[in-house]
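Working notes, beginning with the structure itself.
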Amino acid sequence: MDVASSSLALHNSRQFYERAQHTIPGGVNSPARAFDSVGGTPLFIEGGEGAFLHDTDGNEYLDYVGSWGPMIFGHAHPEVVTAVQDQAEKSTSFGAPTEIEIEVAELVCDLVPSIEKVRMVNSGTEATMSAARLARGYTGRDKIIKFEGNYHGHGDFFLIAAGSGAMTLGEPDSPGVTKGNAKDTLLARYNDLDHVRHLVEANEGEVACIIVEPVAGNMGCIPPQPGFLEGLRELCDAHDIVLIFDEVMTGFRVAPGGVQERIGVTPDLTCLGKIIGGGLPVGAYGGRQDIMDYVSPTGPVYQAGTLSGNPLAMRAGHAILSKIAAEKDRIYDELEAYAEALERGTRDNLEALNLDYTTHQVGAMGSLFFTDEDVVDQTTAQTSDTDRYAAYFHAMLEEGIYLPPSQFEAMFFGTCHGEEHLDTTLAAQRRALRQVHA
Ligand code: HOZ
C-alpha cells in the first residue's frame, strides 16, 4: 500500500511533526518512533486507555506497542493513576531515601529468581551501562561480549551491531563511539554457542561479561535455541565471566521472573526496565549479592543519580509489581493464551494466502517476519522483506491496529487484550495481508 494514499485523517499529527522538526532532532525524542522504515507521519498521541490509544486527530487504535513494553496492564491503569496522583501531592522528588524504594526492591528480589540485591536507575540504558561497569570492576577485565542485533540501550560500547532503532535505520555502529570502546566489545552471533566459545577462548582471561537478551526483542522477537542460554551459563562458569541477562523487555513479561524463570537459567546480573516503572522512567540492575556489594557506597564501582528511586516512579512500579505478585498465577496463563491464539490465527491467515512467513511468540511478545527463513539471528532476521512489512504496518493502521513501526521491533500484548480484540485483530490482519499481496 502506498503510504501517501492513506485514508486516515492525520492532519494534526502532520502539523505537529512539521513543527517538531524545528526544535527536536528529526521531530522525535527517540529514533524508533520516527516511522523511518515504514514511511509516513508518526502518530502524535493524545491519550490511552486499556488496550487503546488515540491520536491528536481523534483516530483510535488497538495498541500492540504498549509504550515498547511497559503497558502490561494497559494504558492509564487505575491503580497506577491513583498511586502517581497520591505521590505527586507529597512532592515528586526528594533525592533522599524513601520506604517505597525498599518495598519495590523487596518485590523485585521476590519475583526475579537470581536477584539478591537491586539498584534503581532511570532507564534500561543506565541499567545495562551500570551492570557492564560493575562486571568490569568486579572481574578487573575490560572486554565484553554482546550479540549482533541485540540492543542494550545507547551506551557507547553497546552501539556496535546494535538492534532496535540502530538496525532499523541501518546505523548499527554509531559515529561518536571511540575505537577504544569498540575494541573492547566482542561481537557474537545470536544462538551460536560455538562462536561465543571461540571468542572466549581467543580472549582468555580478558572477558568481563557476556550480555544477552535472553529472548531477543530488538531484531523482532527471536527465542533462544534450546541449550543456548544453558551453554552461556556453562561458559561463564568455566571462565569466571559475569553473565548478564538484559531483561528490560522480557522481565515480568514472559513470566513473572522473566526468561530466567521461564527457562531456568540463572544469570549473575539482570537488567530491568519498562514494566518495572509502570510507564514511568525506571531501570534497575541487580543480582548476586557479592557482585552487587561491589557498587558504591558499599564497594568501589561508582554509579549514582538524583532521580534514581524517584518516588513517583517507585509508586507506579510498586502498583504494577504488587499486582503481578498478587495475581501472577492467573495473569501469565491468560497472556500466554492470548499470544498463542494470536500466533495460531496468524498462521491460519498466512496459510489461507499460501504465505510461508515466520512467526515467533514467547509469552506476551511476538513477531511476524516477512521471510520464509527460520529466523534465529540478525542475518536471518534481515532476510525479511521490510517493504512488505511497511505496507502491512500501514494497512493494519488503517484498520485501527497499531503495530511496531519497524520489522525489527517486537509486538507486546497485555492483560488488557481480550477475546474481542483477538477477533478484531485477526480479521484486520486477513484483510491487510490480502491487500499487501494483491
Ligand atoms: N528502544 C525502544 C525499542 N526497542 C524504543 C523506544 C522509543 O522509541 O520510545
Side-chain angles (χ1 to χ4, degrees), residues 13 16-17 20 24-38 40-45 48 53 55 61 63-72 75 121-129 146-156 158-172 174 190 211-222 245-254 259 271-283 313 360 362 364-367 369 378 381 384 386 389 393 402-414:
S13 278
F16 284 131
Y17 191 39
I24 302 174
V28 290
N29 278 311
S30 185
R33 299 173 195 174
F35 278 26
D36 265 22
S37 72
V38 291
T41 307
L43 306 179
F44 277 67
I45 302 300
L53 279 181
D55 68 16
Y61 309 94
D63 181 15
Y64 282 101
V65 178
S67 184
W68 306 91
M71 295 299 156
I72 192 89
H75 294 278
V121 290
N122 295 291
S123 67
T125 291
E126 269 190 57
T128 54
M129 288 190 323
K146 86 168 275 287
F147 292 89
E148 292 168 353
N150 276 196
Y151 178 74
H152 306 290
H154 56 89
D156 281 353
F158 295 131
L159 277 184
I160 297 151
S164 187
M167 183 164 158
T168 300
L169 297 172
E171 290 165 4
S174 174
Y190 196 70
I211 184 165
V212 63
E213 286 184 70
V215 168
N218 285 292
M219 44 182 169
C221 175
I222 304 182
F245 277 8
D246 178 346
E247 298 232 40
V248 167
M249 277 186 175
T250 53
F252 316 109
R253 172 162 289 284
V254 301
V259 181
C271 300
L272 297 168
K274 301 197 189 271
I275 290 175
I276 198 176
L280 273 83
V282 184
H360 283 317
V362 184
M365 59 194 283
S367 281
F369 291 95
Q378 187 185 40
S384 297
T386 51
Y389 182 84
F393 168 83
Y402 185 52
L403 298 175
S406 164
Q407 171 74 89
F408 305 123
E409 301 284 355
M411 274 190 300
F412 295 117
F413 331 109

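Read the numbers this way: they start at 1 and go in the same order the structure lists the ligands and their atoms. Reckoned from all heavy atoms, side chains included, excluding hydrogens, waters and symmetry mates.
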> Please state which protein non-hydrogen atom is closest to atom 8 (O) of ligand 1 and give its distance, to 0.1 Å?
Replying inline: Ser30 OG, 2.8 Å
Enumerate the atoms of ligand 1 whose separation from the nearest heavy atom of [X] is less than 4.0 angstrom.
X      : value
Met249 : 4 (N)
Asn218 : 4 (N)
Glu409 : 3 (C), 4 (N)
Ala32  : 5 (C), 8 (O)

Side chain of [X], backbone of [Y]: donor and acceptor closer than 3.5 Å?
X      : Y      : answer
Ser367 : Gly220 : no
Ser123 : Glu126 : yes
Arg33  : Val28  : no
Gln378 : Met219 : no

> How about Phe393 and Phe35: are their ring centres within less than 6.0 Å of each other?
Replying inline: yes
> Is any N or O atom of Tyr151, backbone or side chain, closer than 3.5 Å to an N or O atom of ligand 1?
Replying inline: no
>> Evaluate Arg33 for polar contact with ligand 1, using N/O atom pairs at a separation under 3.5 Å.
In response: yes
>> For a quick test of reading the model, state the closest non-hydrogen atom pair linking Tyr190 to Pro214 and the distance between them.
In response: OH-O, 3.3 Å
